[in-house]
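One structure is given below, encoded as structure tokens.
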Amino acid sequence: MKKERLNASQKAAVEAVGNPVLIFAGAGSGKTRVLTHKISHLVKEKIVSPENILAVTFTNKAANEMKERVRKLIKGKTSAISIGTFHSICARLLRNEIQKLGYTRDFVIYDIQDQNALLKTILDGLDIPKTDISPSGAGQNISLFKNRMIPIKKAKSQARTVLDKRLAEIYEAYEKALKKNNAVDFDDLLLLPLKLFEKHPEVLKKYREHWKYILVDEYQDTNRPQFLFIKKLAEKHKQICVVGDDDQSIYGWRGADIRNILDFEKAFPGCETYTLEKNYRSTGEILKAATTVVKNNLKRAEKELQAHNGEGEKLGLIETNDEGEEADAVVNALEKEIKINKRPFSNFAVLYRTNAQSRALEDSFRRNGIPYNIIGGVRFYERKEIKDIMAYLKLIVNRKDTVSLRRVINFPPRGIGSKTLDKCVAYAAKKKRDLFDVLNDPEGMEIRGKQADALKEFHAIVTKYAELLEKLSAGELVRALAEDTGVVRHYKESEMPEDRDRFENIMEFLSGVDEFMARNPDAIIQEFLEEVSLLTDIDQWNDEDNRVTLMTVHAAKGLEFPVVFLAGLEDGLFPLYQALEAVDQLEEERRLFYVGLTRAKDKVYLLYAKNRRRYGGESFYGMVSRFIHEIPEDSLEKINFSSAVTRKLVTKKGKVRMELKRTVTIFDDFRVGDTVEHAIFGIGKIMALSGSGENQRVGVVFKDGLKKKLIVRFANLKKVASPES
DNA sequence: TTCGGGGAGATTTTT
DNA sequence: TCTCCCCGAA
């Protein structure tokens, strides 16, 4: 952003100090700018000293960017300011205080995979067949309990069905196991500080004094525990400033509660509200399209973005047959843009709903020699080989961690199979000892021979490195460990081609550790583990390379690009049913579309494929095409995509069939809100539209007739009236 | 008892 | 496309 002066409303928001402050900042209205200027204002005017400021962001990347920009504004020391994500701030707090809750400082953080592994053993232990409840399903339910702050007791008492009772049981066992493993999950990172505040008022007091001024970015995406965290801290001094945009709340599935921003005034009476409505990012056409879409939402604060960058071009709409053609169409449009507007590759982003959608795009980009960066997908730190080494590290730091223990006790294969492990678990339970400790006592478990030796050897190597923890630097330790355990050898000597990649990933991981150590010379391994646990791919993304960026719309939040492709916009039938059931879901999807649109500065291309293949392409949930029709027609320009040759389709039986291109008008004249007449069901109102080409569907609520909500074909509908626009 | 091949099933978004 | 699980071989 240019180094201009702040505009009037920005300036007012920056200088408002004393009362709680709520800033509604629309897309591209200089939200980060206001926050960073506010911090600088606080420091320069000596309103609070840097160490008393807490600034919370949503991603590590946003935190780093904020740090950087604050550092440029204030020349002096900025390192004293606490800037970080909720999760990292809370993790740091717990590192210092968690003993009070009966954990040790060496606690480890479990990610989804660890969580599922733990749940799997729990489900096995409770004799619940996985056909009844899957580990991940149980995990999602538990996370929901935790995010809604439902304690185990309540979960049990309010359980009505057999399934609910089972889930409450699993919830209880899971919480017990976590604590026994001296481990916390992502939800705990937010919940445990609240528990601390409640049970140890002196801790709350300490942090209230420490963080006297609190700033929160992306406030619309806070969930209940996050809200309570800042509320508790800010309650006394009431020095708090939150910035957000209810139109960009897209994390409802993770417990984000849009009421946090809409009802901020209730939580902090006497607050001052500011609204930033000048958009410095997108052209008028893009803004108009985005605004008309999101305006259909019922739950939203009224505001109107004004464009500052001229009208710009219409939005391009491209229909293709399948995902391959869609990818080619992206390349096509991209090359045209490069030729006409002399744009570098880094000017483009392709956004989609689910990571799986990147595959076809990747193929086409590679074929056409277009450099690209993919954000997301299988995250580096979630790869098997990396998780294996991480598991060794976690186990060494915290020997109570049974999830990591199970993961590596027989990796690389050393002859300890499930039977041997079962014996160990049973023995540990009988003797009330930690699982790790009994490994050194195979005789007591009547394990002999090869297995006994292997157990002892495994115990010895972990113990050895646990003792070296203090003596070696993190870099040295990881390197030695990777060699010593045989993990490196396992991949190096393997014949399998994919193990080559794995070996190289381990090498990359090792240099990653070195890099971390260079940045934080005094760091201990626990700090490295913590950083890695909270890292995401978007954090590592840098825009210096001249490459096209591919990522999900969620990952794109907070970013901007001159040209944005929104790919895979066709819809499945399922979300349509869901849309009829849940208005909230519909509104969130709409906001997702809005976020996608407003990432673009100059030009948006909307793409959808009529016959996307189910697997390896389309997500089950589809995306947001039902909102294309909400964009004013004169803002859209249909672009005909024609691949050079007609596509050859090879069917399963090996027949070659030529696919002909057809143009089909989408959605005809129907709009959401239209009153329609159905030949059988009578008069109704359109709630949602879906699909494309010949598969178009419409969801209608009928006033009379047998059924209330139905999904019907366009062919059977007649339009009666449109709402006044 | 462990290991490895091969078949079957499963897929949102993220800290 | 990737992961998990079952089953036969060592």
Side-chain angles (χ1 to χ4, degrees), chain A residues 56-63 84-91 109-113 115-117 120 130-131 134-137 140 143 147 184-190 218 221-223 225-226 249-256 351-360 362-363 375-379 381-384 410-423 447-451 454 494 496 498 530-539 551-557 568 572 574-575 578 585 588-589 591-592 595-596 613-624:
Chain A
V56 203
T57 62
F58 201 64
T59 62
N60 295 297
K61 187 178 160 58
T85 60
F86 272 104
H87 292 265
S88 70
I89 296 277
C90 288
I109 301 168
Y110 280 173
D111 66 10
I112 298 285
Q113 284 182 45
Q115 222 180 71
N116 285 344
K120 198 163 168 285
K130 64 178 185 320
T131 39
S134 71
S136 62
Q140 277 165 23
S143 185
N147 274 316
V184 304
D185 62 18
F186 280 131
D187 299 324
D188 285 338
L189 285 175
L190 304 170
E218 307 276 15
D221 280 323
T222 51
N223 60 22
Q226 288 167 331
S249 171
I250 53 175
Y251 283 89
W253 47 274
R254 209 171 77 189
L351 309 182
Y352 35 78
R353 172 72 195 261
T354 67
N355 283 307
Q357 288 172 278
S358 70
R359 187 142 285 129
E362 256 181 287
D363 281 351
I375 317 291
V378 182
R379 284 174 258 295
Y381 288 102
E382 278 171 18
R383 278 165 206 228
K384 183 193 175 302
N410 198 33
F411 184 83
R414 46 171 76 87
I416 306 172
S418 58
K419 293 283 177 189
T420 309
L421 188 59
D422 286 348
K423 281 187 195 168
I447 295 170
R448 273 169 281 276
K450 199 177 139 220
Q451 279 84 357
S494 166
M496 314 267 268
E498 64 263 32
E530 188 175 300
E531 174 167 295
V532 167
S533 304
L534 301 177
L535 213 59
T536 62
D537 264 24
I538 188 74
D539 300 326
M551 62 178 136
T552 62
V553 180
H554 281 92
K557 198 152 111 179
F574 181 66
Q578 215 174 36
Q585 170 91 22
E588 182 160 326
E589 293 275 321
R591 290 196 294 265
L592 188 74
V595 169
R613 250 180 290 132
R614 194 88 184 288
Y615 291 131
E618 184 204 19
S619 99
F620 196 66
Y621 283 72
M623 206 180 157
V624 281

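The structure displayed is predicted, hence computed values, not measured ones. Labels below follow one simple rule: chain letters A, B, ... track the order of the sequence lines, proteins then strands, and each chain is numbered from 1.
Atoms CG and CD1, on A:Leu189 and A:Ile89 in that order, are 12.0 Å from each other to the nearest 0.5 Å.
Summarising the geometry, the separation between CD on A:Gln113 and P on B:dT14 is reported as 15 Å, rounded to the nearest angstrom. One interatomic measurement links the two molecules: CD of A:Gln115 to C1' of B:dT14, which rounds to 13 Å at whole-angstrom precision. The CD-C1' distance, from A:Glu362 to C:dT1, rounds to 12 Å in whole Å. Atom CG in A:Asn116 sits about 9 Å away from atom P in C:dC4, given to the nearest Å. Rounded to an integer number of Å, the gap from A:Asn60 CG to B:dT14 P is 14 Å. Look at CD on A:Glu218: it is 19 Å from P on B:dT13, rounded to the nearest Å. Rounded to whole angstrom, the span from the CG atom of A:Leu592 across to the P atom of B:dT14 amounts to 10 Å. Look at CZ on A:Arg591: it is 14 Å from C1' on B:dT13, rounded to the nearest Å.
With a 4.5 Å cut-off on side-chain heavy atoms, A:Leu190 and A:His87 count as touching. Between A:Thr222 and A:Val56, every side-chain heavy-atom pair lies at or beyond the 4.5 Å cut-off. Proximity of A:Phe58 to A:Thr85: side-chain heavy atoms (C-beta onward) are nowhere separated by under 4.5 Å.
Put simply, the side chain of A:Asn410 gets close to the backbone of A:Ile416: a donor and an acceptor are under 3.5 Å apart.
DNA chain B is contacted by both A:Phe58 and A:Gln140; A:Gln140 maps to the nucleotide lying nearer its 5′ end (nearest heavy atom per residue).
Residue-level contact check: A:Tyr251 touches the backbone only, with heavy atoms under 4.0 Å from sugar-phosphate atoms and none from bases.
A:Lys384 NZ: more than 12 foreign heavy atoms inside a 6.0 Å radius.
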Between the protein and nucleotides 1-4 of chain B, list the N/O to N/O atom pairs that are separated by less than 3.5 angstrom.
unit_1 : atom_1 : unit_2   : atom_2 : d
B:dT1  : OP1    : A:Lys423 : NZ     : 3.4
B:dT2  : OP1    : A:Gly417 : N      : 2.4
B:dT2  : OP1    : A:Thr420 : OG1    : 2.5
B:dT2  : OP2    : A:Ser418 : N      : 3.3
B:dT2  : OP2    : A:Lys419 : N      : 3.2
B:dT2  : O5'    : A:Gly417 : N      : 3.3
B:dC3  : OP1    : A:Gly415 : N      : 3.1
B:dC3  : OP2    : A:Asn410 : ND2    : 2.8

